[in-house]
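Accompanying notes for the structure given below.
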2 protein chains.
Amino acid sequence: MAYRETDLVRQRKVAQKSGLLHTAEALVREGGFAALTIQAVAEGAGIGVGTVYRYFSGKDELATEVFKRATSREVSAVREALNGGGGPAACLATAVEVFAVRAFAAPKLAWALIAEPVDPAVDIARLQYRKTYTALFETVVQNGIVSGEFAPQSAALSAAALVGAMAESLLGPLDSPVCDADTIAALRLFCLRAVGARC
Amino acid sequence: MAYRETDLVRQRKVAQKSGLLHTAEALVREGGFAALTIQAVAEGAGIGVGTVYRYFSGKDELATEVFKRATSREVSAVREALNGGGGPAACLATAVEVFAVRAFAAPKLAWALIAEPVDPAVDIARLQYRKTYTALFETVVQNGIVSGEFAPQSAALSAAALVGAMAESLLGPLDSPVCDADTIAALRLFCLRAVGARC
DNA sequence: TAAAGGTGTGAATCATGGCTCACTTGTTTG
DNA sequence: CAAACAAGTGAGCCATGATTCACACCTTTA
């Protein structure tokens, strides 16, 4: 017997994988998932193409992981806003604000996560992430209905519609990299009216 | 001199091109734009691959034309609803209904037009078509604001948000090919509340 | 019918980008 | 150090599907 993986090696591997994900996300942040090629990741990380395959089974896995990482950060931020203090209306307003501000802060990434044409594997992850968002909003809408702050409605459908409204209405404004306060305010009002929040 | 295109030939060419578009749309209706290959179109029309290129400069042109044709039918239907009798609220309600019912009638096509990952060329057309939809809704929202039937708001943003809400909230339900009346009713109410229509 | 000017054809070519694999280069331990 | 075992490498392979093109076959007119 002569070789066994040590902690040092293990750490190095973790760091390498993490670095690859970082490089990959930078590419997506810059040019969307279209810019995410194994070649580019390898070059960006200063390693050979084959090495990438030591850490990811294939492009799908890499792309999906990048998507999930970036997405879960966004979801967490929105979740935090929705669970923050105040009633359903206040929470919803804050969540919309957080979603929009973060999107404006990284417009290309937001576009990549929301609307860019991507591989089916990533699209499946996107479906999942939309479901997650919808579930978050569904809870708030439900709370609002119960408390009487919101109108009676199908919480599930309204939640999906809110997610769609937020995404679609930002796609245009995201083209100009300026964080547009008016747009955000208008979107907040739209969402609040949509759930029948007491003015 | 010995040859000049006659009407007969011209007619034949028009018919051939129209037939190719028909075949192509059938493929999209069946399996989305992913199923739209030059090979498949040629086979479906019973002609050679090369012949397709006598009628379209390339795949992009063919795909874009299929998209535009299908889309303009949908837009027309919605436009008609929006220009129908009644006040802004009634028009908006009808338009939402028309959009949703038509989507449920051809779910795969609706998905292809709304959300399927497609070639950039088609995506550009999609952007245009979303703008067109948004413009249609913007007019109604504006009318409603002026007439006092709707709340004061940014008509442009609300219109985009409405389009997003309609698209996103249907994507899930479209999976099951049943025209779901409850879903449509809930969506109608959501949209009316969103623009602040008088209950 | 001959000449002119199409249209139809599909095997072959190209372009793209993921992926492999025979090999080199570490790393660990006795 | 030598043996044992991974990790690193990147030129070339491969799959997919669009596109071409040299040639055969129609249509029209003088």
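Below, chains carry the letters A, B, ... as their sequence lines are ordered, and counting in each starts from 1. Computed over heavy atoms, backbone and side chain alike; hydrogens, waters and symmetry mates excluded. These numbers were taken from a predicted model, which means no experiment stands behind them.
- Dashed line: the shortest gap from a side-chain N or O of B:Lys13 to OP1 or OP2 of C:dT7 is under 4.0 Å.
- At least one side-chain nitrogen or oxygen of B:Thr51 sits closer than 4.0 Å to the OP1 or OP2 atom of C:dT9.
- Heavy-atom contacts from other residues, nucleotides or ligands closer than 6.0 Å to CD of A:Glu80 number 12 or fewer.
- Between B:Glu43 atom CD and C:dT9 atom C1' the separation is 14 Å, expressed in whole Å.
- Between the C1' atom of C:dT16 and the CD atom of A:Gln39 lies a distance of 12 Å, rounded to the nearest Å.
- Of the two residues contacting DNA chain C, namely A:Leu36 and A:Arg54, the nearest-nucleotide position lying further toward the 5' end is that of A:Leu36.
- Among the nucleotides D:dA18, C:dT28, C:dT20, the one closest to the side chain of A:Tyr53 is C:dT20.
- What separates CG of B:Leu27 from P of D:dG17 is a distance of 13 Å, to the nearest Å.
- Atom CG of B:Leu20 is separated from atom P of C:dT7 by 14 Å (rounded to the nearest Å).
- No side-chain donor from either of B:Thr134 and B:Glu138 sits under 3.5 Å from a side-chain acceptor of the other.
- Both A:Leu136 and A:Leu187 belong to a common hydrophobic cluster when Ile, Leu, Val, Met, Phe, Trp and Tyr are linked at side-chain heavy-atom distances under 4.5 angstrom.
- Along DNA chain D, the nucleotide nearest to B:Asp7 and the one nearest to B:Gly50 differ in position, and the one closer to the 5' end is contacted by B:Gly50.
- Heavy atoms of A:Thr37 sit under 4.0 angstrom from primed sugar atoms or phosphate atoms, though from no base atom.
- Counting to the nearest Å, the C1' atom of D:dG17 and the CG atom of B:Asp119 are 11 Å from each other.
- Residue B:Arg12 is in sugar-phosphate contact alone, with no base atom involved, counting any heavy-atom pair closer than 4.0 Å across all strands shown.
- In this structure, A:Phe56 atom CZ and C:dT20 atom P are separated by 16 Å, rounded to whole Å.
- Atom CD of A:Glu61 has more than 12 neighbouring heavy atoms from other residues, nucleotides or ligands inside a 6.0 Å radius.
- In this structure, B:Asp60 places its CG atom 13 Å from C1' of D:dG17, rounding to the nearest Å.
- As judged by a 4.0 angstrom heavy-atom cut-off over every strand, A:Tyr55 is placed among residues touching the sugar-phosphate backbone only.
- When the side-chain nitrogen and oxygen atoms of A:Gln16 are compared with OP1 and OP2 of D:dG8, one or more of them lie within a distance under 4.0 Å.
- With rounding to whole Å, B:Glu61 atom CD is found 11 Å from D:dT19 atom P.
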Given B:Arg73 and B:Glu25, is the salt bridge (Lys or Arg N to Asp or Glu O under 4.0 Å) satisfied, shown in steps? CA-CA 13 Å; B:Arg73 278 203 305 275; B:Glu25 184 177 323; 2.7 Å; yes

